[in-house]
> 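One structure, pasted below without further comment.
In what follows, every chain begins at residue 1, and chains take the letters A, B, ... in the order their sequences are listed.
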Number of protein chains: 2
Amino acid sequence: MESVVEAARGRKPEEVKSAARVLEVLELLGVQGARLSLAEMAAAMSVPKSSLHAILRTMEARKWVDLDPSGTRYGIGLKALLTGTAYLEGDDVTSLAGPVLDALAEETGEAVHLGRLDGTHVVYLAKRESRHALRMYSAVGRRLPAHATGLGKAVLSQFDHAEVQRRLDWPLERLTPSTVTDPDAFLAQLAETRLRGWAVDDGENSVDIRCVAVALGGGQGMDAISCSAPKSRMDDARLEEVAQAVTEAAHSLSTLLKRLGQH
Amino acid sequence: MESVVEAARGRKPEEVKSAARVLEVLELLGVQGARLSLAEMAAAMSVPKSSLHAILRTMEARKWVDLDPSGTRYGIGLKALLTGTAYLEGDDVTSLAGPVLDALAEETGEAVHLGRLDGTHVVYLAKRESRHALRMYSAVGRRLPAHATGLGKAVLSQFDHAEVQRRLDWPLERLTPSTVTDPDAFLAQLAETRLRGWAVDDGENSVDIRCVAVALGGGQGMDAISCSAPKSRMDDARLEEVAQAVTEAAHSLSTLLKRLGQH
DNA sequence: CAACGTCATTCGGTCTTCTGAACGGCCGAA
DNA sequence: TTCGGCCGTTCAGAAGACCGAATGACGTTG
């Protein structure tokens, strides 16, 4: 008889409580790099300590979380590493993209990413490093707000305005002084992107990084590829040049995927 | 009243059943690249379909598993990608190892790995690709039997014979014709490794790949680094040369870790 | 066309887990 | 030392998950 509480939290009664909590623990430890104590996690999740205790014991026994030497702070365990990479191996887009990304990285000499829209964020699925000493930081599995990335805008530009408004969290979070947070300006950018065929990020999530991105799948996918570089190596002329290369790579990858889908 | 069953399975009663099942699902979908139906998973886990159904619904709602277009086969979901990379970022060894691995890869020109012993297997935590066109396949998160890898033998050589016998599953699994499966021969190899300071894998997990590995942490860690190459590029003389480079890299990384631990 | 196999899904009684409060250990402050 | 705060841990009542059998939906085969 906690229907009031459940309704207030918006949880469906079809959820298995401890299953959901296991996943919440993993997500909590995943977004924070830091280690957390049982009490801290219980507070963050609004769950009784005693309930969480039993769950963490189960997870610890299976090495999905581990305790630091002092025995009081939990972190992600070794077993968790297996699943993430399994997602990548089982995914058609990621496994087909390898050679295309290699070629694009080779051609441009800059950092190349494959990303996927997941809710309001973009997840990096694959990357290729730049050849230059000055590199941007990124990592597979990392999440960035979609509205502040080239990858995100490339995918979002495929939807109409109403759909975009439904998918994002408003107001848009500001990451740098250049982040576009005004709704009208943002939607105008998406319209421009749709016409042009490629999206631009001009220092909107990392100061000094410019990025060009193109969506995959011919208008209905959640994936995009991008090429990023410091402003010092990416003036307007170079941006157009890179945009051509990214567009071609996106087309050839989309074609590969289409063949796979038909078969 | 299932104490008999529980005892027969060796499960502690302190485990939370659905929590353990969530983890089992993730591990099952993780080792198999393939997608599985609910019925297949229920059979593989010896769990009633109806119970698993509720759990999978919970996991699907949170994108930890996803259904293929037909709606009948489950695979790992996008959220699972987050945790694996978080483990790597939060780990001292992995985050410190980067520059050392870069340098070793640069110096040898061959594939370099950082691995950790987990039970009977070794998990790759980081890798650097070879510069050559002919490359070995490997991936962060992948697990290989410890007894058939240089990394595993480097770590295991730190333990005495009784400890090794306790830690491995006997009889040793054969992966290639060269895999050492005889207990005496295997223990003799470890003794040799201990004296020499570095371990060798001569086509024991992949035909045609030779590998040199050195343990980190000065005798009490679970980690090791290695350098692998096809036999065609790794004759006995080259092996000794590479072993020197790997040993030096391991020492400098161990020193870095010791400083961190003291502080 | 019908019968079958396989699949996900539902349902209510039973049994497990969840819960909140109380406990014991540990550290730093007074 | 003694106190206070915080940690993980335990326990018995209360709430919810688990299970097996039955159902419905699909695609395939005879």
> Could you state the atom-to-atom distance from CG of Leu52(B) to C1' of dT10(C) in whole Å?
16 Å
> Shorter than 3.5 Å, N or O on both sides, protein versus nucleotides 7-10 of chain D: list them out with atom names.
| unit_1 | atom_1 | unit_2 | atom_2 | d |
| --- | --- | --- | --- | --- |
| dG8(D) | OP1 | Leu38(A) | N | 2.9 |
| dG8(D) | OP1 | Thr72(A) | O | 3.3 |
| dG8(D) | OP2 | Ala39(A) | N | 3.2 |
| dG8(D) | O6 | Lys49(A) | NZ | 3.4 |
| dT9(D) | OP2 | His53(A) | ND1 | 3.1 |

> Report, one line per pair, each donor and acceptor closer than 3.5 Å where one atom sits in a side chain of residues 148-155 of chain A; sequence neighbours left out.
| unit_1 | atom_1 | unit_2 | atom_2 | d |
| --- | --- | --- | --- | --- |
| Thr149(A) | OG1 | Ala146(A) | O | 3.1 |
| Thr149(A) | OG1 | Gly152(A) | N | 3.0 |
| Lys153(A) | NZ | Gln189(A) | OE1 | 2.6 |
| Lys153(A) | NZ | Val200(A) | O | 2.9 |
| Lys153(A) | NZ | Glu204(A) | OE1 | 2.7 |
| Lys153(A) | NZ | Glu204(A) | OE2 | 3.2 |

> Side chain to side chain contact (heavy atoms under 4.5 Å, CB included) with Thr83(B): which of Val65(A), Thr83(A), Leu23(A), Leu81(A)?
Thr83(A)
> Listed by chain and number, what are the side-chain hydrogen bond (donor to acceptor under 3.5 Å, both in side chains) partners of Asp68(A), not counting sequence neighbours?
Ser70(A)
> So, using side-chain hydrogen bond (donor to acceptor under 3.5 Å, both in side chains) as the criterion, who are the partners of Ser254(A) when residues are at least two apart?
none
> Once you round it to whole Å, what is the distance between P of dT16(C) and CD1 of Ile55(A)?
18 Å
> Please identify each residue that fulfils side-chain hydrogen bond (donor to acceptor under 3.5 Å, both in side chains) with Asp160(A), with sequence neighbours left out.
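In terms of side-chain hydrogen bond (donor to acceptor under 3.5 Å, both in side chains), with neighbours along the sequence ignored, Asp160(A) is linked to no residue.
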> Quick one: Met45(A) CE to dT19(C) P, roughly how many Å, whole number?
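Rounded to the whole Å, the gap is 10 Å.
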> Arg167(A): which residues meet the salt bridge (Lys or Arg N to Asp or Glu O under 4.0 Å) condition with it, sequence neighbours left out?
Glu163(A)
> Any side-chain N or O of Ser18(B) less than 4.0 Å from the OP1 or OP2 oxygen of dC18(D)?
yes
> Under 3.5 Å, is there a donor-acceptor pair between the side chain of Trp64(A) and the main chain of Leu78(A)?
no
> List in chain and number order the residues that pass salt bridge (Lys or Arg N to Asp or Glu O under 4.0 Å) with Arg194(B), two or more places apart in sequence or in another chain; answer none if no residue qualifies.
none
> Taking only residues two or more places apart in sequence, or in another chain, which ones meet Ser51(B) in a side-chain contact (heavy atoms from CB on, under 4.5 Å)?
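Testing Ser51(B) for side-chain contact (heavy atoms from CB on, under 4.5 Å), a comparison that skips the adjacent residues, returns Arg21(B), Val47(B), Pro48(B).
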> Starting from C1' on dT14(C), measure out to NZ on Lys17(B) and report it in whole angstrom.
11 Å
> Between the axis at one end of the helix from dC1(C)-dG30(D) to dC23(C)-dG8(D) and the axis at the other (five pairs apiece), what's the angle to 10 degrees?
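About 40° separates the two local helix axes.
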> Grab the N/O contacts between the protein and nucleotides 26-29 of chain C below 3.5 Å, and write none if there aren't any.
none

> Can you name the side-chain contact (heavy atoms from CB on, under 4.5 Å) partners of Ala44(B), sequence neighbours left out?
Leu28(B)
> Taking side-chain hydrogen bond (donor to acceptor under 3.5 Å, both in side chains) as the definition, give me every residue that meets it alongside Ser95(B), ordered by chain and number, with sequence neighbours left out.
none
